[in-house]
**Q** 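So that we are looking at the same thing, I have put the structure below in structure tokens.
Each chain gets a letter, A, B and so on, in the order its sequence line appears, and its residues count up from 1. When reading the values below, keep in mind they use all heavy atoms of this one structure, side chains included, and skip hydrogens, waters and symmetry mates.
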Protein chains: 2
Amino acid sequence: MSGNSLDFPARLRAAGLRPTRQRVALARVLFEAGHRHVTAESLHAEVKASRMSVSLATVYNALNQFRDAGLLREVVVAPGRSYFDTNTGHHHHFYIEPDGELHDFPSEKVTIAGLPTPPKGTRLSRVDVIVRVRR
Amino acid sequence: MSGNSLDFPARLRAAGLRPTRQRVALARVLFEAGHRHVTAESLHAEVKASRMSVSLATVYNALNQFRDAGLLREVVVAPGRSYFDTNTGHHHHFYIEPDGELHDFPSEKVTIAGLPTPPKGTRLSRVDVIVRVRR
DNA sequence: GCAAGTTTTAGAATAGTTCTAATCTTCTTG
DNA sequence: CAAGAAGATTAGAACTATTCTAAAACTTGC
């Protein structure tokens, strides 16, 4: 009932990506524990600490591919830094401004009313809510 | 009843900024017409087209100072690009993903219910709502 | 196990932004 | 309105995050 199995090669294949050694290593770090927020740099440092080494370029490639495949969601909270969220479900974010820390909160209880309809010729892609807090 | 006068030197002084020639030129481009969204590059190109030349570094400095002084609001919608919005009132944004176009919409009719309380030791700074649409 | 097509990699390249230190402006005071 | 002090501007270097390049190393289907 876990929904997401720990068979990472299979998960990658299901997403249309070849299960290369480095993609599997990255998937393991990203998805084997609970939900996470990473940047390319933080993920690179983490995987380098494990014994499988992956180049930074590959980390960037993999993050973009995982996002395009729907395995990750990109969250833009500050200029010049991209976060990737392993929680692809419907939810929103707290952003703690001074530290650059990001936290999920479930969208179940959040309701947004009165949004205008999208401009002509466009359709809704996503609604991001970012609650910015400071100390 | 216009609220914002066209006396840009006075407005800058009121914001605690010296009305230098380049800041006045930038303020004029930014504030003399209706609300606008600019990037550093777009503002630089625009002001260069007028006869007053301002270096790119100064455009960056001015945008950051204007934002810190509350004259502009920074909107982060895409990684690696900062938009500045001359509308500092309470409102939200449409972001048209393929073009990178940004549009305001008023927050009057928008209500958000059920937001969780900020984590301990933090206080609310702002709630950003970005409605992402695609063609 | 071998080609054919992908992926990885190190390093170069790019984009956006900030920094540096010299020069120039603006403001204050007399 | 002149002089000095403080602050602002500038070109270019530097920096950060990310993407590109082209060669070498994998994966896969047969």
**Q** Contact list please: residues 11-24 of chain B against DNA chain D, heavy atoms, distance less than 4.0 Å, in numerical order.
**A**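 Nucleic-acid contacts, sorted: B/R18, B/T20, B/Q22, B/R23.
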**Q** When clusters are formed by joining ILVMFWY residues with side-chain heavy atoms under 4.5 Å apart, either directly or through shared neighbours, do B/V38 and B/L12 land in the same one?
**A** yes
**Q** Rounded to whole angstroms, how far apart are CE on A/M52 and P on C/dT8?
**A** 9 Å
**Q** Which whole-number value in Å describes the distance from A/R81 CZ to D/dC15 C1'?
**A**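 Rounding to the nearest Å, CZ of A/R81 and C1' of D/dC15 are 13 Å apart.
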**Q** Compute the centroid of each ring, for A/H103 and then for A/H37, and state whether the two points are separated by less than 6.0 Å.
**A**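 Here the rings of A/H37 and A/H103 have centres that are no less than 6.0 Å from each other.
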**Q** Once you round to the nearest 0.5 Å, how far does NE2 of B/H35 lie from CG of B/D85?
**A** 7.5 Å
**Q** Give me the atom names and distance for the closest heavy-atom approach of A/T86 to A/G34.
**A**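 A/T86 and A/G34 have their closest heavy atoms at OG1-O, 4.2 Å.
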**Q** Please say whether the positively charged group of B/R67, taken as NZ for Lys or CZ for Arg, lies over the ring of B/F84, i.e. under 6.0 angstrom from the six-membered ring centre and within 45 degrees of the axis.
**A** no
**Q** Give the rounded distance in Å between these two atoms: NZ of B/K48 and P of D/dA11.
**A** 10 Å
**Q** Distance check, rounded to the nearest 0.5 Å: B/L102 atom CG versus B/T39 atom OG1?
**A**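 One finds 11.0 Å between CG of B/L102 and OG1 of B/T39.
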**Q** Pick the closest DNA chain D nucleotide for B/S53 and for B/P79 by heavy atoms, then say which residue is nearer the 5' end.
**A**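 Here B/S53 is the residue nearer the 5' end.
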**Q** Using a cut-off of 4.0 Å on non-hydrogen atoms, how would the nucleic acid contact of A/S82 be classed: base, sugar-phosphate, or nothing?
**A** sugar-phosphate
**Q** Grab the NE2-P distance between B/H44 and C/dT17 for me, whole Å please.
**A** 13 Å
**Q** So that I can tick it off, tell me whether B/D99 and B/R134 are bridged by a salt bridge, with the cut-off set at under 4.0 angstrom between side-chain N and carboxylate O.
**A** no
**Q** Using whole Å, what does the distance between atom C1' of nucleotide C/dA15 and atom CD of B/E41 come to?
**A**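 In whole Å, C/dA15 C1' and B/E41 CD are 9 Å from each other.
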**Q** A side-chain contact here means heavy atoms from C-beta on lying under 4.5 Å apart; do B/V24 and B/M52 qualify?
**A** no
**Q** Going by number, which of residues 57-77 of chain A have a non-hydrogen atom under 4.0 Å from DNA chain C?
**A** A/A57, A/T58, A/N61
